Amino acid sequence: MPSPFQRIGIIGKFGDPGIAATLSELYRFLLQRGHSVTTDSRSAELIEAEGVVGMHINRLPECCDLLIAVGGDGTFLTAARAAADFDTPLLGVNLGRLGFLVDISPDQLLSRLAQILDGRYQTEQRHLLQAAIIRDGELIHRQTAVNEVVVHRWVTPSMIEIVTSIDGVFLNTQRSDGLIVATPTGSTAYALSAGGPILHPTLNALVLVPLNPHMLSNRSIVIDDKATIEIRFSQTKQINALVTCDHLEIPDVRINDTIVIRKADKPINILHPEDHDFFHILRSKLNWSGGYSAK
C-alpha cells in the first residue's frame with residue numbers, strides 16, 4: 001500500500017547549523033523511499049545532497065501532504081503557524097532540551113518515521129488561539145498562537161492594571177506583570193512556569209494565568225475554549241504594554257486598545273508514533289517517576 005504522505009516538507013531549526021547531519025539523513029531517507037521532498041529555504045542550504053528544493057516556509061503547507069519539523073518546540077510552533085490555514089499534518093523531531101510537541105528523538109528517527117509513513121500513527125487535533133488588537137473600533141493587528149497569548153508590561157517598572165471579560169461578562173481587575181491566555185498545548189509552556197495547571201491536550205478549555213499578581217487571591221482560572229476573552233487596561237495615563245503570540249511580539253499596545261482572544265477556526269493536526277502516551281511524556285519531561293514504576 002502506498003504511503004498516505006507522498007509529498008513531504010521539512011522545516012529545520014532556524015540558525016542552527018548543528019542540525020545539518022540530521023536534515024541530510026532525513027532527506028536521503030525520504031528520497032530512497034520514493035517521496036517528493038521540499039524544505040524551507042534555510043534548511044535547503046544545510047542539506048548535503050544534489051537538487052534540494054527549498055521554498056519560503058509559508059508556502060510549504062499547501063504543496064505537501066506532511067510537514068516534519070526538526071528542532072525543538074519553537075521550530076514546531078513556527079511550522080504550526082505556517083500550517084494553520086491548511087489541513088497539512090505536522091510531525092516533530094526533537095533536537096531540543098524539553099520538547100512536549102516534538103516526540104521523536106534523532107536515534108529513533110528513521111524507524112519511527114518509517115512506521116508513520118506506512119500508516120501506523122496516532123492523529124491528534126490541537127486548537128489554536130487568534131488574538132486581535134482593536135483600536136478605536138478598528139482592527140490594527142491579528143496574530144495566531146499555538147501555545148499562548150500574553151499581555152506583558154513593557155519597559156516600565158510599574159505593574160499594569162488589566163480588566164478581563166469573558167463573553168462580555170466582567171471577570172476581574174488585576175494589577176500584575178501581565179496575563180497569559182493558554183491553550184491546553186500551551187499549558188506545559190510559559191503558563192506552567194508561571195504556576196498554571198497542566199491541561200490534557202484533548203480538553204476543550206483555555207487557562208488564564210496571572211503573571212506575578214499584586215494580590216495573591218488572583219489565581220489561574222480554566223474556562224471553556226468557545227469563550228471570547230477581552231482584555232483592557234484601567235490606567236488613566238499612557239502605559240507601555242506588549243502582546244506576544246507564542247514568541248511573536250505585537251509592540252506599541254496603547255491604553256485604549258482592546259485585546260480580543262478567541263479560538264481559531266481551524267485546528268492543526270499532529271501525528272505521533274502509535275504508542276504515544278501523554279502521561280509518559282509528562283513523567284519523562286518533568287521527572288515525575290521518582291523511582292516508582294507501575295506494574
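Note that the structure is a prediction, hence the values are computed from the model and not measured.
The main-chain N or O of Asn212 is never found under 3.5 Å from a side-chain atom of Ser176 such that the two would form a donor-acceptor pair. In terms of modelled atom types and a separation under 3.5 Å, the side chain of Ser24 and the main chain of Ala21 share no donor-acceptor contact. Of the possible donor and acceptor atoms, none in the side chain of Thr244 sits under 3.5 Å from a partner among the backbone N and O of His247. Ser284 contributes no side-chain N or O that, together with a main-chain N or O of Ile281, makes up a donor-acceptor pair within less than 3.5 Å. Not a single donor-acceptor pair under 3.5 Å links the side chain of Ser36 to the backbone N or O of Arg7. In this structure, the side chain of Glu124 does not engage the main chain of His272 through any donor-acceptor pair within 3.5 Å. Panel note: side chain Thr123, backbone Leu271; no donor-acceptor pair is recorded below 3.5 Å. Of the possible donor and acceptor atoms, one in the side chain of Thr183 sits under 3.5 Å from a partner among the backbone N and O of Val146. When atom types are taken as modelled, the side chain of Ser43 and the backbone of Ile11 share no donor-acceptor pair closer than 3.5 angstrom. Looking only at distances, no side-chain donor or acceptor of Asp225 sits under 3.5 Å from a matching main-chain atom of Leu206.
Rounding to the nearest 0.5 Å places CZ of Phe86 at 4.5 Å from CD of Glu62. With values rounded to the nearest 0.5 angstrom, Thr78 atom OG1 is found 10.5 Å from Asp73 atom CG. The CD atom of Glu45 sits 10.5 Å away from the CD1 atom of Ile47 when rounded to the nearest 0.5 Å. Taking CG of Leu26 as the start and CD1 of Ile19 as the end, the distance is 10.0 Å to the nearest 0.5 Å. One finds the CZ atom of Arg135 at 3.5 Å from the CD1 atom of Ile140 (value rounded to the nearest 0.5 Å). For the atom pair CG (Asn94) and CZ (Phe76), the distance works out to 11.5 Å, reported to the nearest 0.5 Å.
Residue Glu274 places its CD atom among more than 12 non-hydrogen atoms of other residues, nucleotides or ligands, all under 6.0 Å distant. By the 6.0 Å contact criterion, CG on Asp136 is open, its count of non-hydrogen atoms from other residues, nucleotides or ligands being 12 or less. The environment of Asp85 atom CG is sparse: at most 12 non-hydrogen atoms of other residues, nucleotides or ligands sit within 6.0 angstrom. The number of heavy-atom neighbours closer than 6.0 Å to CD of Glu249, taken from other residues, nucleotides and ligands shown, is 12 or below. Other residues, nucleotides and ligands contribute more than 12 heavy atoms inside 6.0 Å of the CE atom of Met55. No more than 12 heavy atoms of other residues, nucleotides or ligands lie within 6.0 Å of CZ in Arg262, so this atom counts as exposed by the packing criterion. Within a 6.0 Å radius of CG in Asp275, other residues, nucleotides and ligands contribute more than 12 heavy atoms. Heavy-atom neighbours of Arg120 CZ from other residues, nucleotides or ligands within 6.0 Å: above the threshold of 12.
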Task: Derivation and outcome, side chain to side chain contact (heavy atoms under 4.5 Å, CB included), residues Asp177 and Met159 - done: CA-CA 5 Å; Asp177 287 341; Met159 289 182 169; 4.0 Å; yes
Task: Trace of the side chain to side chain contact (heavy atoms under 4.5 Å, CB included) decision for Thr202 with Phe278 - done: CA-CA 10 Å; Thr202 60; Phe278 177 70; over 6 Å; no
- [ ] Determine, stepwise, if the pair Ile166 / Ile221 fulfils side chain to side chain contact (heavy atoms under 4.5 Å, CB included).
- [x] CA-CA 11 Å; Ile166 309 294; Ile221 181 170; over 6 Å; no
Task: Audit row: Leu286, Phe100, side chain to side chain contact (heavy atoms under 4.5 Å, CB included) steps and yes/no - done: CA-CA 10 Å; Leu286 301 179; Phe100 282 93; 3.9 Å; yes
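None of Ile162, Ile250, Val151 except one satisfies the side chain to side chain contact (heavy atoms under 4.5 Å, CB included) rule with Ile259; the exception is Val151. The only option from Val181, Leu199, Ile180, Ile223 that meets the side chain to side chain contact (heavy atoms under 4.5 Å, CB included) definition with Val207 turns out to be Leu199. Each of Val52, Leu67, Thr38, Leu30 was scored for a side chain to side chain contact (heavy atoms under 4.5 Å, CB included) with Ile10, with one residue passing: Leu30.
A centroid separation of less than 6.0 Å is found between the aromatic rings of Phe279 and His200. Tyr121 has its ring centre less than 6.0 Å from the ring centre of Phe5.
A salt bridge does not link Lys13 to Asp40: none of the charged nitrogens lies less than 4.0 Å from a carboxylate oxygen. Of the charged side-chain nitrogens involved, at least one lies within less than 4.0 Å of a carboxylate oxygen, so that Asp118 and Arg33 count as a salt-bridged pair. A salt bridge links Arg81 with Asp246: the distance from a Lys NZ or Arg NE/NH1/NH2 to an Asp or Glu carboxylate oxygen falls below 4.0 Å. Between Asp87 and Lys266 there is a salt bridge, since a side-chain N of the basic residue sits under 4.0 Å from a carboxylate O of the acidic one.
In this structure, Val93 is a member of the same hydrophobic cluster as Val37, with clusters built from ILVMFWY side-chain heavy atoms closer than 4.5 Å. Under the 4.5 Å side-chain heavy-atom criterion for ILVMFWY residues, no single connected hydrophobic cluster contains both Leu77 and Tyr190. Cluster membership check: Val243 does not share its hydrophobic cluster with Leu248, using side-chain heavy-atom separations under 4.5 Å among Ile, Leu, Val, Met, Phe, Trp and Tyr. A chain of hydrophobic side-chain contacts below 4.5 Å, direct or via other Ile, Leu, Val, Met, Phe, Trp or Tyr residues, connects Tyr27 to Phe29. Put simply, Leu31 and Leu91 are part of the same group of oily side chains (I, L, V, M, F, W, Y) that touch within less than 4.5 Å, one to the next.
The nearest pair of heavy atoms linking Ala191 to Val209 is CB-CG2, 4.0 Å. Here the closest non-hydrogen pair linking Pro61 and Thr88 is O-OG1, 2.6 Å. Summarising the geometry of Val222 relative to Pro197, their closest heavy-atom pair is CG2-CG, 4.2 Å, with the distance given to 0.1 Å. Here the shortest heavy-atom pairing between Phe233 and Asp257 reads CD1-O, 4.2 Å. Contact detail for Ala132 and Leu139: the closest heavy-atom pair is CB-CD1, 3.6 Å. Listed here is the closest heavy atom pair of Ala145 and Cys245: CB-CB, 3.8 Å.
The closest side-chain heavy-atom distance from Leu101 to Arg126 is below 4.5 Å. Within the 4.5 Å cutoff, side-chain heavy atoms of Arg42 are placed close to those of Phe14. You'll find the side chain of Phe170 reaches within 4.5 Å of the side chain of Val163, heavy atoms only. Using a 4.5 Å heavy-atom cutoff, the side chains of Ile231 and Val149 are not in contact. A 4.5 Å side-chain heavy-atom check between His276 and Asp103 finds at least one atom pair inside the cut-off. Annotation: side chain of Leu171 is in contact with side chain of Leu208 (closest heavy-atom distance under 4.5 Å). For the pair Leu46 and Asp16, the minimum side-chain heavy-atom distance is 4.5 Å or more. A 4.5 Å side-chain heavy-atom check between Leu95 and Val70 finds at least one atom pair inside the cut-off.
At a cut-off of 3.5 Å, with distance as the only test, no side-chain donor of His35 or Gln6 sits close to an acceptor on the other residue.
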